[in-house]
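In what follows, a structure is listed as structure tokens, so that the remarks can point back to it.
Below, read A as the first sequence line, B as the second, and so on, with proteins coming before strands; counting in each chain starts at 1. What you see is a predicted model; the values in this text were computed from it and never measured.
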Number of protein chains: 2
Amino acid sequence: MAEILNISRKEQIVNVAAKLFKQKGFVATSMRDLAAELGIEAASIYYHFKSKEELLEKICFDMADKFITNAREVNDIYFNAEEKLRMAIKFHVETITENQNQSSVFLSEWRNLSEPKFALFKQLRQQYENQFTIILADGEKEDIFDDVDKKFAVLSILSTINFINEWYKPEGKMNASEIAEKLSNFIMGGLRKRLVTDR
Amino acid sequence: MAEILNISRKEQIVNVAAKLFKQKGFVATSMRDLAAELGIEAASIYYHFKSKEELLEKICFDMADKFITNAREVNDIYFNAEEKLRMAIKFHVETITENQNQSSVFLSEWRNLSEPKFALFKQLRQQYENQFTIILADGEKEDIFDDVDKKFAVLSILSTINFINEWYKPEGKMNASEIAEKLSNFIMGGLRKRLVTDR
DNA sequence: GCCATTGCCTAACAAATGTTAGACAAATGT
DNA sequence: ACATTTGTCTAACATTTGTTAGGCAATGGC
């Protein structure tokens, strides 16, 4: 059954799964829900995937890959820390806005993974966080950023840039780049008005 | 069956429910899980609550109450906007750290509410967000805060202060006040180092 | 023209789910 | 002393769940 525009049935299933997992949560989404949305029977999904959890794994780890690859790329390109952070934020926001459903699953449904994938996933997430820690440390060395509690700062940054996932609508007035810029400004400069421009 | 230290069985059930809902999610927590943790049978819970969802409702709306009451209080006391924001953040962090389990449920499990409670809950959450919008608007009038996109700023602030719920451990080195102060500083001032102190 | 593969189907399964009915014992009030 | 309330139990229910087995039609290579 040739699918439109060479998107394979496997990918199609993953996409619909991500959509439903975001909408109702992984546990609350049944294989029959999924099948109905695809216009097939639940059992048919098992021709493509060997379990419900395999779907979750695919989504979570594919997204983890994307995020980590992005962050590594940013840290490999040699810029100053502020540019790095802005780039990392931009990539992050782009990845989320371009893969809203999968990102949601990556961000909130991974806890339904069971061991050993659960532990593995947490490692990958840690790796991603580490890339941000590196950027902040760079910024400190370059005397651009304040000497902040880095773990604290990284988590604050990530929580801020992740939250867009809960309100971003593609029809909205801001595109990914604009959001990323606003977020970067907010994270760098905070709310408070300045009497003198910095740097 | 007199419970230790006048905490009623009803409260006990709610507490254990919150703990499990946080741990495994509302959907993945069965009434039998809950009962086992309480040392009773699943059917016995129905003497105290008429459904599983009633437990979720109780937790979500009780917490909504707490948050809103706090925020209103802050806005009623007449201080300048920066103080208001710091106070609001402090109350928020305190509420989360003092009610970790229930806060988790409030923050992530409310989507399992069904109508009409679902809509009602979203209204309450909106009310809470509005209190922050008011503070930001005050700050602008007082020329303390930048003229930011307020909806954007409020969501950023809330996402930042909510995220502590995912890593805060009572045994950790920071207490609620310290966390609140750090968060406030971060939100007000951002990461970037300043050449001249503001204000 | 045949055979293997692909992709789906129907039917069924055991297990787990939320919930109800009804019984029983202890505590409480009068 | 009796009646009621309180809090739990056992047993059962209908439904939903993830998953498997086996079959059937279309497709594509040779």
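With sequence neighbours excluded, the residues satisfying side chain to side chain contact (heavy atoms under 4.5 Å, CB included) with B:M63 are B:K66, B:F67, B:T95, B:N99, B:Q102, B:S103, B:F106. Legend: residues meeting salt bridge (Lys or Arg N to Asp or Glu O under 4.0 Å) with A:K24, ordered by chain and number and at least two apart, are A:D33. Residues passing the side chain to side chain contact (heavy atoms under 4.5 Å, CB included) test with B:L34 are B:V16, B:A17, B:L20, B:M31, B:L38, B:I45, B:L55, sequence neighbours excluded. Residues meeting the salt bridge (Lys or Arg N to Asp or Glu O under 4.0 Å) test with A:K52, sequence neighbours left out: none. Applying the side chain to side chain contact (heavy atoms under 4.5 Å, CB included) criterion to B:E94, with sequence neighbours excluded, gives B:K90, B:F91, B:E98, B:A176, B:S177.
Near DNA chain D, meaning a heavy atom under 4.0 Å from it, residues 40-49 of chain A has A:A43, A:Y46 in order of number. Of all the residues in residues 21-34 of chain A, A:R32 reach under 4.0 Å from DNA chain C with at least one non-hydrogen atom. Contacts between residues 109-118 of chain B and DNA chain C, defined by a heavy-atom separation below 4.0 Å, involve no residue at all.
B:K117 and B:F61 get closest at one heavy-atom pair: O-CZ, 3.5 Å.
Phosphate proximity of D:dT8 to B:R9: present, with a side-chain N or O under 4.0 Å from OP1 or OP2.
Panel note: side chain A:N112, backbone A:V27; no donor-acceptor pair is recorded below 3.5 Å.
Among residue pairs with one or both ends in residues 175-185 of chain B, those qualifying as salt bridge (charged side-chain N to carboxylate O under 4.0 Å, His left out) are A:D149-B:K182; sequence neighbours excluded. For residues 105-115 of chain A, every residue pair satisfying the salt bridge (charged side-chain N to carboxylate O under 4.0 Å, His left out) rule, not counting sequence neighbours, is listed here: A:E109-B:R111, A:R111-B:E109.
In this structure, A:I59 and A:N101 have side chains that are not in contact, with every pair of non-hydrogen atoms separated by 4.5 Å or more.
Note: CD (B:Q12) to C1' (D:dT8) measures 14 Å, nearest angstrom. Protein atom NZ of A:K52 is 15 Å distant from nucleotide atom P of D:dT16, rounded to whole Å. One can place CD of A:E54 at 13 Å from C1' of D:dT19, the figure rounded to the nearest angstrom.
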Would you give me the side-chain donor-acceptor pairs under 3.5 Å for residues 120-128 of chain A, sequence neighbours excluded?
unit_1 : atom_1 : unit_2 : atom_2 : d
A:Q126 : NE2    : A:N130 : OD1    : 3.1
A:Q127 : OE1    : A:R72  : NH2    : 3.1
A:Y128 : OH     : A:H92  : ND1    : 2.6

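Taking the charged nitrogens against the carboxylate oxygens, A:R86 and A:E82 do have a contact shorter than 4.0 Å, which makes a salt bridge.
For the residue pair A:E73 / A:N70, no side-chain donor-acceptor distance below 3.5 Å is found, with atom types taken as modelled.
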Study note, to complete from the structure: A correct dot-bracket answer for DNA chain C, with pairs being Watson-Crick or G-U at under 3.5 Å, [ ] for crossing pairs and | for inter-strand pairs, is ||||||||||||||||||||||||||||||

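When each of B:E53 and A:I13 is assigned the nucleotide of DNA chain C bearing its nearest heavy atom, the one mapping closer to the 5' terminus is A:I13.
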